[in-house]
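Order of listing sets the numbers, starting from 1, for every ligand and every atom in it.
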Amino acid sequence: MSIDAPWWTTAVVYQIYPRSFADSNGDGIGDLPGVTARLDHLALLGIDVLWLSPIYPSPQDDNGYDISDYQDVDPLFGTLADLDELVAQAHDRGIKIVMDLVVNHTSDEHPWFVESRSSVDSPKRDWYWWRPARPGSQPGEAGAEPTNWGSFFSGPTWEYDEASGEYYLHLFSPKQPDLNWENPEVREAVYAMMRWWLDRGVDGFRMDVINMISKELPLRDGDVPEGAAEGDGSPSYLCGPRIHEFLAEMHREVFAGRDGAFLTVGEMPGVTVEDARLFTDPDRAEVDMVFQFEHVSVDQGATKWDVLPLQLPVLKASLGRWQEGLADVGWNSLYWNNHDQPRVVSRFGDDGEYRLRSAKLLGTVLHLQRGTPYVYQGEELGMTNAPFAGIDDFLDIEAVNHFRVATGLGADPAEVLGALRTMGRDNARTPMQWDETLHAGFTDGEPWMAVNPNYTEVNAEAAVADPDSVFHHYRRLIELRKTEPAVAHGDLTMLLADDPVVYAFTRRLGDTELLVVANFSGDPVKPEVPEYAEWATGELLLGNLTNGSGPELAPWEARVHRRKVAALS
Ligand code: ISL
Ligand code: CA
């Protein structure tokens, strides 16, 4: 069957967080030669694209998401020549490279910002968001900030610059000032930089918080949620009035008319299905797909630190709505994990007795949906959250600031720590577990962050050697996307919406129908799927138990069945 669809509809992307992937020179920090040396692991897994988290020169306030030079490599990670070598070696293996594009903000040490801050008359003053103090208040005093917004990393979004008597905007850390996309010079500089990377041979971009680049003018106070110290500025900066215009312009200026097969994915906290239809409609030429956040917020309350138990029907309803919403227009990205999320086997699975089985189940449920799957380093091994003993074990700026501010306001330190252990981003950032030698084979030196002690059991070498491992299950899932067209292109129908433990859906393309059934619990269950007895005696395309059969699913069992049906005309 020949299907006319973009190349990335059958692709799988693997995300690397370079600092935690593989260290080649013993300084304890992962680097580019380390990645290159491990490309065969990725080739064996069968992925098509590698997304590299930022490797640019950076003061590392937010581990590289604070960039001080967009057109070089931080010595921590290597050189431009190392990057060229990685691109060449990846291309040799048929793997594309997607760079992280962090252009909502720069580092405060980027020459653009240094120049901007140097004087109110600087030609680059307007490249960032400078504002005077709130009328009637004393510049620099608490409450004098131009708006009442709280930042993602605690504290106000405004930093006072004594020299000029004005404030600059930073939605994230004070070392991450927001660029002013209203200024056409900013946009042109960003597009030129993107073209430079494509000319160098990279294959696309993952665009950091790209739905925050258009701010609604004038900037104004946000509502203050109950119990919060600061206002919610998000209505002013999420999917602002010019966001579609900017992304269409970016596409025109950077990609239009260029030969090659590229991938663009926009990270978009707070994006709705309706917005995403517009962003990913091929006729509008903005981005290929977006990262939405709804399904990784179902276990969170008013803030991410307000941890709620997973309710499977809520998760299913969310993912099901995105499947339906982007069925006829646009395209989904599919992910459980990235460098900002806790490990999924600890979050939605069982990282104890059923670690292997539940990790495979989660991979199955995700990869059998319609969209482009993303695998985050270590997910293919079933890596788990880390046993952080105390606050000193947390290194992420978000965690460190949250602990300081929350306990300063009187929160119980034990409770704050509990939330950090469950939701903290550090869980994703412990070093990749390669083998059972000291520091899991990640480094010959002292790792920048402690290795999860379970590496003696959970590591790539053991997983590759074991045909029943999570690794080989992911390898089979990735292969299935290429060999069974219904996986990439079939339509999707959710089943058993209210079932508290069974995740079930069908996929259909032509005369092929697939059924995915998965038991999200430690008890056996009979799925109430219509005609399941027949399905169960038919073809088992893939499962996470060697001998899965019969009408009942074992604890954390997942099955993919296939049957032939009358083709829809
Ligand atoms: O993890 C989060 C904090 O609760 C998210 O809100 C995260 O900050 C958001 O998804 C944006 O993430 C991206 O931009 C940040 C950077 O810290 C993250 O690592 C990056 O993925 C600022 O550049
Ligand atoms: Ca290193």
Side-chain angles (χ1 to χ4, degrees), residues 15 17-38 51-56 58 60-67 73-79 82 100-107 150-154 157 170-179 206-213 234 237-238 265-271 290-294 296-297 300 302-307 335 337-342 374 376 395-402 419-420 422-429 431-432 439 442-449:
Q15 182 192 355
Y17 196 64
R19 134 186 306 271
S20 302
F21 192 65
D23 175 24
S24 70
N25 62 354
D27 68 356
I29 298 175
D31 46 50
L32 291 173
V35 175
T36 305
R38 293 293 185 175
W51 149 28
L52 274 186
S53 275
I55 44 73
Y56 317 94
S58 161
Q60 303 288 326
D61 189 53
D62 184 20
N63 287 357
Y65 282 90
D66 48 319
I67 297 170
V73 168
D74 196 295
L76 214 52
F77 300 121
T79 62
D82 292 331
D100 219 307
L101 181 81
V102 188
V103 290
N104 173 68
H105 43 268
T106 67
S107 164
S151 79
F152 284 93
F153 295 156
S154 304
T157 56
H170 59 89
L171 297 183
F172 294 88
S173 131
K175 289 188 68 61
Q176 293 167 300
D178 281 51
L179 280 166
R206 173 270 184 187
M207 304 173 179
D208 194 68
V209 291
I210 203 69
N211 65 330
M212 300 189 192
I213 59 178
S234 64
Y237 61 73
L238 289 187
V265 50
E267 189 210 22
M268 299 197 176
V271 71
V290 305
F291 288 134
Q292 57 95 6
F293 283 73
E294 221 178 80
V296 288
S297 309
Q300 303 172 343
T303 78
K304 72 180 275 184
W305 309 118
D306 186 5
V307 182
Y335 75 96
N337 275 118
N338 59 42
H339 63 293
D340 295 331
Q341 301 293 330
Y374 288 71
Y376 178 66
L395 302 180
D396 174 25
I397 180 171
E398 179 187 60
V400 171
N401 288 357
H402 171 62
L420 288 179
T422 313
M423 281 303 163
R425 308 194 299 180
D426 286 296
N427 284 301
R429 302 175 181 187
M432 178 73 175
H439 305 314
F442 164 70
T443 180
D444 294 336
E446 271 307 304
W448 73 277
M449 183 177 195

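Annotation: side chain of Asp82 is not in contact with side chain of Thr36 (no heavy-atom distance under 4.5 Å). At a threshold of 4.5 Å between non-hydrogen side-chain atoms, the residues Lys304 and Glu398 count as touching.
Between His105 and Phe172, the ring planes lie tilted relative to each other; the angle falls in the 30° to 60° range.
For the pair Lys175 and Asp66, the salt-bridge criterion is not met [side-chain N within less than 4.0 Å of a carboxylate O].
Qualifying side-chain hydrogen bond (donor to acceptor under 3.5 Å, both in side chains) partners for Ser154, counting only residues two or more places apart in sequence or in other chains: none.
Across all their heavy atoms, Pro269 and Leu238 have their closest contact at O-CD2, 3.6 Å.
Of all N, O or S atoms in Asp23, the one lying closest to the Ca ion (ligand 2) is OD1. Looking at Asp31 and the Ca ion (ligand 2) together, the shortest N, O or S contact belongs to OD2.
In Asp444, the CG atom is not crowded: 12 or fewer heavy atoms of neighbouring residues, nucleotides or ligands sit closer than 6.0 Å.
Look at Asn25 and the Ca ion (ligand 2): an N/O/S atom of the residue is under 3.0 Å from the metal.
Residues of the protein with a heavy atom under 4.0 Å from ligand 1 are Asp62, Tyr65, His105, Phe152, Phe153, Phe172, Gln176, Arg206, Asp208, Val209, Glu267, Pro269, Phe293, Lys304, His339, Asp340, Glu398, Arg425, Arg429, listed by chain and number.
The side-chain hydrogen bond (donor to acceptor under 3.5 Å, both in side chains) with Gln176 is formed by just one residue from the set Asp62, Asn104, Thr106; it is Asp62.
For the pair O of Ile29 and OD1 of Asp27, the angle at the Ca ion (ligand 2) is about 90°; rounding is to 10 degrees.
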